[in-house]
Amino acid sequence: MIYLDHAASTPMRPGVWEEMSEVAGRAYGNSSGIHGVSRDAKNSLEEAREEIAALIGARPQEIVFTSGGTESDNLALKGAAWGGDGRSVVTVATEHEAVLETVDMLKRFRTSVSLVGVDDQGQVDRERLAACTDDGSVVSVMLVNNETGTIHDVASLSAEIKDRHPGALVHTDAIQAYASETIDVNHLGVDLLSLTAHKFGGPKGAGLLYVREGTVLEPVLHGGGQELGRRSGTHDVVSAVGLAAAMRLAAADRARFNDEVGRIRDGFESRAVDALGAVVVNTPEKQRSPHHFNVRFPGVLNETLLVRLDQAGVAASAGSACQSGAAEVSHVLEAMGLSGLEARESVRFSFGWSTTPEEVDRAADIVIELVGALR
Ligand SMILES: Cc1ncc(COP(=O)(O)O)c(C=O)c1O
């Protein structure tokens with residue numbers, strides 16, 4: 001199988017599983033206990049936390065371990081909306097479902113929610129965003145879009161928001177960004193930031209929410225008060241160690257990743273466009289990540305093409321993972337102005353740390369042949 005669905009999930013990087021299994025065998029105690037076995041687990045957990053914090057310019061106590069991106073986004077938005085005196089939520093139409101479904105739920109429970117649109121490149125309408133924001137808002141803008149690879153300039157957005165409304169909080173879902181972007185919470189100027197390990201070579205079910213010191217959050221999970229009361233539940237030390245390992249390895253490989261994976265993606269794009277002519281690239285020309293490629297093949301429905309690609313040994317998808325293989329219409333592409341039919345003619349190919357030029361060359365041959373036959 002040629003795996004071109006890295007935006008959905010990635011294979012683990014070599015070494016991550018080994019670090020996890022070493023800790024799983026040794027540090028099996030409950031990290032909240034007082035005896036030596038527990039202390040061993042606690043030490044591994046805190047070492048992982050320190051390493052992770054340093055990798056994103058944060059302090060260890062600002063890292064909250066979670067079960068992944070969905071939980072991190074839920075905690076960021078529900079936590080901010082319900083914390084203290086409560087906050088309104090401002091977000092973008094192209095966010096992941098983990099954000100959009102959360103704000104939908106908040107709206108049903110009477111939180112004021114504003115959904116801001118994007119242009120045809122997927123860039124948020126900055127004026128509208130500013131108009132919807134006040135000092136009592138939490139603003140959530142993703143760093144890299146999971147379907148198209150559109151990059152938002154979160155640092156400048158955040159600076160603009162904070163300039164006008166120093167009381168506002170800014171959250172970013174940086175889940176698709178970590179593999180290619182240097183993440184520094186102070187440079188980004190955010191109060192809350194979500195990451196999940198399985199998008200950059202780590203295990204599934206391991207994530208974090210960065211919470212700037214002083215940010216008032218209402219917990220979503222109540223119980224034993226772990227994570228300074230922000231996320232109760234016995235720590236998953238093994239997952240935290242896997243997250244730290246994947247973050248370290250992905251950061252060390254970032255320069256190569258951007259160079260090689262970007263070149264592979266661009267080569268795939270020019271081969272498809274040159275050979276097939278009438279294709280429309282949905283991924284923006286500028287401010288795009290190196291590893292996403294969303295493309296429309298007019299006259300070819302994605303559900304048909306994806307099945308044929310699968311049969312021919314190429315794994316790709318139609319959008320976010322919950323939509324993979326299903327005939328749902330992408331809310332991201334619709335928000336960028338595509339019709340329902342145009343969105344259903346669109347496919348996402350996404351590349352990652354293990355992608356080789358040879359396999360992408362073969363995949364391009366297969367795509368060109370299948371699209372040609374299906375038109
Ligand atoms: C942008 C974005 N946010 C949130 C998520 C959810 O993360 P997880 O799968 O770890 O729950 C994903 C994963 O599909 C994503 O791509």
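Remember, it's 1-based here, ligands and their atoms both numbered in the order they're listed. Index from 1, following the sequence.
Each of the following atoms of ligand 1 lies closer than 4.0 Å to a heavy atom of Lys199: 12 (C), 13 (C), 14 (O), 16 (O). Interface of Gly68 with ligand 1, defined as ligand atoms under 4.0 Å from a residue heavy atom, comprises 10 (O). Those atoms of ligand 1 with a heavy atom of Thr70 less than 4.0 angstrom away are 6 (C), 7 (O), 8 (P), 11 (O). Set against the non-hydrogen atoms of Met142, the atoms of ligand 1 under 4.0 Å away are 1 (C).
Using a cut-off of 4.0 Å between Lys/Arg side-chain N and Asp/Glu carboxylate O, Glu46 and Arg49 are scored as salt-bridged. Ion pair Glu227/Arg230 not flagged as a salt bridge, since none of the NZ, NE, NH1 or NH2 atoms sits closer than 4.0 Å to an Asp/Glu carboxylate oxygen.
Considering backbone and side-chain N/O of Glu71, none are found under 3.5 Å from N/O of ligand 1.
Note on ligand 1: Lys204 sits outside its first shell, no heavy atom being nearer than 4.0 Å.
The structure places CZ of Arg87 at 13.5 Å from CG of Leu106, a figure rounded to the nearest 0.5 Å. In this structure, the separation between NE2 on His331 and CD on Glu334 is 10.0 Å, given to the nearest 0.5 Å. Note that CZ of Phe65 and CG of Asp236 are 10.0 Å apart. Values are rounded to the nearest 0.5 Å.
Arg254 forms a cation-pi arrangement with Tyr178, by the criterion of a distance under 6.0 Å to the ring centre and an angle within 45° of the ring axis.
Contact annotation for Asp73 and ligand 1: only side-chain heavy atoms (C-beta onward) come within less than 4.0 Å of the ligand. The part of His198 lying near ligand 1 is the side chain, judged by heavy-atom distances below 4.0 Å.
Counting only non-hydrogen atoms, the option in Asp173, Val99, Asn146, Val144 that gets closest to atom 2 (C) of ligand 1 is Asp173.
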Going through the distances and angles, do Phe293 and Phe351 end up as a ring-ring contact (aromatic ring centres under 6.0 Å, His included)? CA-CA 8 Å; Phe293 179 54; Phe351 311 89; 7.3 Å; no
